[in-house]
Amino acid sequence: MKNKINISKTGTEDESQSPAQVEGKLALSFLSDPVFTWINSVCSFSDWENTRSVRVRDQVIFCYDKKDKEAEKIAVVYLFREGWAQQQELS
């Protein structure tokens, strides 16, 4: 499937010129879909490839490599101290 994108020149002297037609492919491929895990009704995290994103009310507040254990500890302590998750939910 080919997508056509209209590109118009703005701020040029020749405004009567028709927009150029550019043809191209939108080729996005992902190895896997992200896996979402809910901690409670407010907090969740998603794992995608080697990255973990921690979310509060669907806003990403932390994003780190899954192998980084220090970043994981910081995220857990932050969620607990801010009152977004209980200790039992985070264990």
Side-chain angles (χ1 to χ4, degrees):
M1 181 174 142
K2 293 184 178 180
N3 296 328
K4 292 186 179 181
I5 303 169
N6 290 327
I7 300 174
S8 62
K9 295 181 180 181
T10 57
T12 61
E13 293 177 10
D14 187 14
E15 294 294 331
S16 63
Q17 187 178 9
S18 64
Q21 292 284 327
V22 178
E23 294 185 14
K25 283 187 174 181
L26 182 61
L28 295 175
S29 64
F30 301 106
L31 298 177
S32 63
D33 291 332
V35 177
F36 288 90
T37 305
W38 285 92
I39 299 169
N40 57 29
S41 62
V42 176
C43 303
S44 67
F45 65 88
S46 61
D47 293 335
W48 182 63
E49 295 181 358
N50 293 326
T51 305
R52 174 168 286 169
S53 299
V54 179
R55 300 167 183 266
V56 174
R57 294 186 181 96
D58 290 332
Q59 298 292 318
V60 176
I61 60 168
F62 288 105
C63 191
Y64 56 90
D65 190 279
K66 290 194 311 187
K67 296 175 186 175
D68 188 354
K69 296 302 178 188
E70 291 299 315
E72 184 173 17
K73 290 177 185 177
I74 291 169
V76 167
V77 169
Y78 186 77
L79 290 174
F80 176 71
R81 285 192 176 172
E82 292 298 317
W84 288 321
Q86 297 298 317
Q87 194 171 14
Q88 296 85 357
E89 298 169 327
L90 296 169
S91 60

Identify each donor-acceptor pair in which a side-chain atom of residues 59-66 lies under 3.5 Å from a protein atom, sequence neighbours left out, and give them as a table.
unit_1	atom_1	unit_2	atom_2	d
D65	OD1	K67	N	2.8
K66	NZ	E49	O	3.4

Q. What pairs with D47 under side-chain hydrogen bond (donor to acceptor under 3.5 Å, both in side chains), at least two apart in sequence or on another chain?
A. R52
**Q.** Cluster overlap F80 with V56, hydrophobic side-chain contacts below 4.5 Å
**A.** yes
**Q.** Sequence neighbours excluded - side-chain hydrogen bond (donor to acceptor under 3.5 Å, both in side chains) pairs with any residue from residues 73-91
**A.** N40-E89
Q: List for me each residue that meets salt bridge (Lys or Arg N to Asp or Glu O under 4.0 Å) alongside D68, sequence neighbours excluded, and say none if there are none.
A: none
Q | Within one Ile-Leu-Val-Met-Phe-Trp-Tyr cluster: L90 and I74, side-chain cutoff 4.5 Å | A | yes
(Q) Nearest 0.5 angstrom please: R57 CZ to S44 OG, how far? (A) 12.0 Å
Q | R55: partners by salt bridge (Lys or Arg N to Asp or Glu O under 4.0 Å), with sequence neighbours left out | A | none
